[in-house]
Number of protein chains: 2
Amino acid sequence: MASVSIRDVAHRAGVSVGTVSNVLNRPDAVSPESAMRVQEAIDALGYVRNEAARKLRQGISATVGFVVLDGQNPYYNDVVRGASDEATQRGIAILFGDSAEEPVRERMYIDLFEEHQVRGLLVAPFGDVFSRLERLRERGVPAVLVGRYSGQNRFSSVSVDNISGGRMAVEHLVDVGRRRIAFVGGPLELREVTDRLAGARIAAEDAGNVGIEVVPTNATTVEEGAAAGLRLLDRPARERPDAIFAANDLLALGVLQALVEDGRMRVPEEIALIGFDDIAFAAAAAVPLTSLRQPSSTIGKTALRILLEEADDPGLIPRQTVFQPELIVRRSTGRPT
Amino acid sequence: MASVSIRDVAHRAGVSVGTVSNVLNRPDAVSPESAMRVQEAIDALGYVRNEAARKLRQGISATVGFVVLDGQNPYYNDVVRGASDEATQRGIAILFGDSAEEPVRERMYIDLFEEHQVRGLLVAPFGDVFSRLERLRERGVPAVLVGRYSGQNRFSSVSVDNISGGRMAVEHLVDVGRRRIAFVGGPLELREVTDRLAGARIAAEDAGNVGIEVVPTNATTVEEGAAAGLRLLDRPARERPDAIFAANDLLALGVLQALVEDGRMRVPEEIALIGFDDIAFAAAAAVPLTSLRQPSSTIGKTALRILLEEADDPGLIPRQTVFQPELIVRRSTGRPT
DNA sequence: TGCTACCCTTGAATCGATTCAACTCGTTTC
DNA sequence: GAAACGAGTTGAATCGATTCAAGGGTAGCA
C-alpha cells in the first residue's frame with residue numbers, strides 16, 4: 001500500500017502542503033513555477049487525491065446515489081446513462097443501487113448511501129421512502145424523484161406526463177377502431193401505473209362507449225406480462241378485449257410473446273397492443289410495438305442537474321419537471337380486419 | 001447541516017467515543033448495558049456513520065467500482081444485478097460507470113474510482129486499460145475482469161467460455177442443415193467477439209464443407225445489427241448466407257428486425273439466426289431467438305466475491321473462472337424448407 | 001490481604017486534504 | 001522613507017471514526 005499523500009508531493013516539490021492543495025483547487029492563487037514544480041511531483045509520484053479525506057474535511061462529497069426501481073428495465077438504464085453522463089462531466093461519481101421493486105432493498109440502499117455522505121439522491125421510488133428522504137433532507141441531502149412525481153410535491157421530480165400518456169394511448173386505440181380495452185399493469189401502488197390508467201379512463205370517457213378493464217399484474221416485467229396475456233387467452237373468445245394497453249413495454253412484450261406463441265389472437269388483426277416507454281426492443285419485437293416514448297436520458301440528465309442545484313442551495317422550493325411523451329406508432333396497433 | 005458525530009452519541013450515552021466505536025464494530029467487546037445505552041443514543045440522535053472518516057482512517061473502503069462496457073445491454077445489467085446483490089449483502093456499495101464502448105470514458109471512470117479509494121474494480125474492459133489497472137494493483141487495489149479474460153492472465157477474470165459457445169452455435173446451425181454461415185460481429189478488438197468467431201471456425205472446420213464469412217460491425221448494438229442485416233439483403237439472392245451467427249443478442253435482434261421488416265428472407269425458413277447471451281428479450285423477439293445463455297448474475301456475484309478475496313489478500317494468484325454457456329433453442333433456428 | 005486475570009472503558013493519536021490567519025517579500029504611493 | 005498593498009506561501013487546526021496503550025474494577029484464588 002504505497003500510498004502517496006499530499007505531504008509527499010509537497011516535500012518533493014519543496015513547497016508546503018497548502019500550496020499543493022492550492023495547485024489542485026485554486027490554480028490561479030499560485031505562481032506558475034510553483035504550479036509546475038508541484039505538477040511534476042504529482043506526475044512523478046503518481047499522486048491521486050484521496051476523496052475520503054477531502055470529503056471528511058469539506059463535509060460534502062462528489063458522489064451521488066441513484067436508487068433504481070428495476071435495473072432490468074432498459075428504460076431505467078437509459079435514465080441512468082443520462083444522469084451518469086451529466087455527472088461524469090462534473091467529476092461526480094454515481095453510487096448505484098437496484099431495488100428490484102423490493103422496499104427492503106430500497107431502504108437499505110438509501111441508508112448505505114447516506115453513510116457514504118452522498119451529495120444527494122436520485123430515486124425511482126417504489127415503497128414508501130418519503131420519511132427517510134425527509135430525514136436526509138433535514139441533514140442537507142436533497143433527493144430528486146425520477147420517473148414519477150411525489151404525492152405531496154415535497155420533493156422535486158422529473159418525469160413524463162403519465163396521465164397525458166395514458167390518454168394518448170387510448171385515444172390512439174380508439175382512433176384505430178378499438179372499444180374494449182384491457183389495461184395490463186400493476187402493482188397499483190406504483191404511481192406511474194395508476195396515472196397511466198387514469199389517463200386511459202379519461203380518454204375512454206371522452207370517446208364514450210369505450211370500456212376499460214384492468215388486468216392487474218404483480219410487477220412490471222416480461223414474465224408478468226406473459227402471464228396476463230395467458231389469462232386473457234383463457235377466456236371465451238367473445239369476452240376478450242380488442243385492444244391492450246400495457247403499463248410499460250416490458251409488460252407489453254410479455255403479452256405479445258404469449259399472444260404470438262398461442263396464435264389464436266393475432267396482433268394487430270384481432271387485438272391491438274400498445275406499450276409505454278419505447279425501449280429499444282419495442283421496435284424489434286415480434287410485432288413492432290406501438291409505444292409512448294419517454295425522453296429517458298434527458299430525464300436522467302435533468303434530474304441530476306436539479307439535484308445538484310438543490311444540494312448547493314438547500315432553500316430551493318421543490319419543483320416538478322414534466323416532459324410530454326410522444327406516440328410512436330408501429331404495427332401492433334394496425335387497423336382491425 | 002445538523003451532523004451527528006460519534007462524539008455526540010458518546011456524550012449522550014455518557015460513555016467515551018472508543019466505546020461507541022466498539023459498539024459499532026466489535027459488539028462483543030462491550031458490556032450489554034453500555035451497548036444498550038449507546039444504541040438508544042444512536043436512535044435518538046439519528047446517528048449515521050460517516051464513511052469518509054472511516055475510510056480515511058482505515059485506508060480501505062466499503063466501495064467497489066464497476067466499469068461496464070455497455071450499459072444499454074441487458075446482459076450487463078444482469079451481471080451488475082448479481083454483483084450488486086452480493087455487494088449489498090456485505091454492506092458494500094457499488095460505484096457505477098458506463099463506458100459506452102469509449103476508451104476515454106473508461107479511463108476516466110477508473111481514475112475517478114481510484115480517487116474514491118475503491119476497494120477494488122470490476123471491469124468489462126473495452127480499450128486497453130491494463131497499464132492503469134496494473135498501477136492500481138500496485139497500490140493494493142485489485143481488479144477483476146468481467147465477461148472476458150485478460151490476454152496475459154495478469155488479472156483474475158470471470159467469463160463464459162466464448163470459444164466453446166461459438167462452437168456450439170455453429171454446430172447447432174450445421175445440425176439444422178445450414179452451410180453458408182455469416183458471422184455478424186465487431187469491433188474485432190473485443191476479445192469475446194473474436195473468441196466466439198474462433199469457436200465458430202473450429203466447428204465449421206470440424207463439420208467440413210461449411211463456410212464462415214465475417215460481416216463486421218462497429219459496435220454490438222441493435223442498430224449495427226440492423227445495418228448488417230440490410231447489407232446482407234442488398235446482395236443478390238444466391239450470395240446470401242443460409243444462417244447468421246450474431247456475436248450477441250443485441251446484434252441478432254437488429255438483424256432480425258431488418259429481415260422481418262424487409263420480408264424477402266424469412267426466419268428461419270430461408271435463413272436461420274442465432275445470438276449470444278440469451279437476454280430476456282431474445283424470447284420475446286419477432287421470431288423467438290435461439291441463443292447461448294450465460295449465467296450472467298452468477299458471473300457478477302462470482303466476480304465480486306473474487307474481487308473481495310483479492311482485496312483482502314493481495315498475494316493471491318490471478319485465476320480465470322470460466323462458465324459454460326448453454327444452448328437455448330427457439331424458433332429462429334428451425335429447419336430450412 | 002495480596003496478587004493475578006479478565007473484562008471494559010478511556011482518550012489521545014492518527015488518517016490526508018482543506019482552510020485560513022499569519023507572514024514574507026517586493027512594489028507602489030504619498 | 002514610511003506606509004500600504006498585493007501576491008504567494010506557510011503550517012497548524014480541523015473534519016469524524018478507529019485504534020490501542022493504559023488504566024479501572026471486579027472476581028477468583030491462595
Side-chain angles (χ1 to χ4, degrees), chain A residues 1-39 41-42 45-63 91 112 114-119 139-141, chain B residues 1-39 41-42 45-63 91 114-119 139-140:
Chain A
M1 189 88 59
S3 182
V4 181
S5 86
I6 202 174
R7 206 152 264 114
D8 305 317
V9 174
H11 185 253
R12 186 179 227 267
V15 298
S16 75
V17 293
T19 301
V20 177
S21 175
N22 280 337
V23 170
L24 262 31
N25 303 303
R26 270 175 265 109
D28 20 291
V30 130
S31 76
E33 66 211 296
S34 295
M36 215 194 56
R37 305 244 313 276
V38 168
Q39 195 54 56
I42 286 177
L45 298 173
Y47 166 77
V48 172
R49 182 196 258 143
N50 184 329
E51 249 291 310
R54 159 177 252 219
K55 206 186 277 191
L56 173 59
R57 180 62 233 257
Q58 300 208 132
I60 63 161
S61 79
T63 317
L112 187 60
E114 186 181 4
E115 287 190 5
H116 280 261
Q117 259 67 45
V118 292
R119 183 99 161 263
R139 303 207 170 142
V141 181
Chain B
M1 186 89 60
S3 183
V4 180
S5 85
I6 202 174
R7 204 154 267 113
D8 304 318
V9 174
H11 185 253
R12 186 179 229 266
V15 298
S16 75
V17 293
T19 300
V20 176
S21 175
N22 280 337
V23 171
L24 260 33
N25 303 303
R26 272 176 264 108
D28 20 290
V30 129
S31 74
E33 66 209 297
S34 295
M36 216 194 57
R37 307 243 314 276
V38 168
Q39 195 55 54
I42 287 178
L45 298 171
Y47 166 77
V48 172
R49 180 196 257 143
N50 183 329
E51 249 293 309
R54 157 179 251 212
K55 204 186 277 190
L56 174 58
R57 179 62 232 258
Q58 299 207 129
I60 63 163
S61 78
T63 318
E114 185 181 4
E115 287 188 5
H116 281 259
Q117 259 68 44
V118 292
R119 181 99 162 263
R139 303 208 171 140

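Chain identifiers are assigned alphabetically (A, B, ...) following the order of the sequence lines, protein sequences preceding nucleic acid strands; residue numbering begins at 1 within each chain.
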(request) Please work out which residues in residues 23-32 of chain B have a non-hydrogen atom less than 4.0 Å from an atom of DNA chain D and list them by number. (result)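 Listed by number, they are Asn25(B), Arg26(B).
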(request) Scan residues 6-15 of chain A against DNA chain D and write down, sorted by residue number, each residue with any heavy atom closer than 4.0 Å; if none is found, say none. (result) Val15(A)
(request) Sequence neighbours left out, what passes salt bridge (charged side-chain N to carboxylate O under 4.0 Å, His left out) with Arg119(B)? Give chain and number order. (result)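 Asp312(B).
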(message) Quick check for you: name the first and last nucleotides of DNA chain C, 5' to 3', having an atom under 4.0 Å from a heavy atom of chain B.
(response) dC8(C) to dG16(C)
All side-chain contact (heavy atoms from CB on, under 4.5 Å) counterparts of [X], not counting sequence neighbours:
X         : answer
Ser5(B)   : Arg7(B), Asp8(B)
Val141(A) : Val118(A), Leu136(A)
Glu51(B)  : Glu115(A), His116(A), Gln117(A), Arg54(B), Lys55(B), Ala62(B)

With rounding to the nearest 0.5 Å, note down the distance linking [atom1] in [X] to [atom2] in [Y].
X        : Y        : atom1 : atom2 : answer
Ile42(B) : Ile6(B)  : CD1   : CD1   : 8.0 Å
Leu45(B) : His11(B) : CG    : NE2   : 11.0 Å
Asp28(A) : Asn22(A) : CG    : CG    : 9.5 Å

Give the minimum heavy-atom separation between [X] and [Y], together with the two atoms involved.
X        : Y        : answer
Ser34(B) : Thr19(B) : CB-CG2, 4.3 Å
Val4(A)  : Tyr47(A) : O-CD1, 3.3 Å
Ala35(A) : Val23(A) : CA-CG2, 4.0 Å
Val17(B) : Ala10(B) : N-CB, 3.7 Å

(request) Assign Ser5(A) to base, sugar-phosphate, or nothing according to its heavy-atom contacts below 4.0 angstrom with the strands shown. (result) sugar-phosphate
Going by the rule side chain to side chain donor-acceptor pair (under 3.5 Å), which residues pair with [X] if we only count those two or more places apart in sequence or in a different chain?
X        : answer
Arg12(A) : none
Arg49(B) : Asn25(B)
Thr63(A) : none

Identify each atom pair where a protein N or O and an N or O of nucleotides 22-26 of chain D are less than 3.5 Å apart, giving names and distance.
none

(message) How bent is the helix from dT1(C)-dA30(D) to dC30(C)-dG1(D), measuring the angle between the end axes built from five pairs each, rounded to 10°?
(response) 50°
(message) Check this one for me: any side-chain N or O of Thr19(A) less than 4.0 Å away from OP1 or OP2 of dG8(D)?
(response)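 The answer is no; no side-chain N or O of Thr19(A) sits under 4.0 Å from OP1 or OP2.
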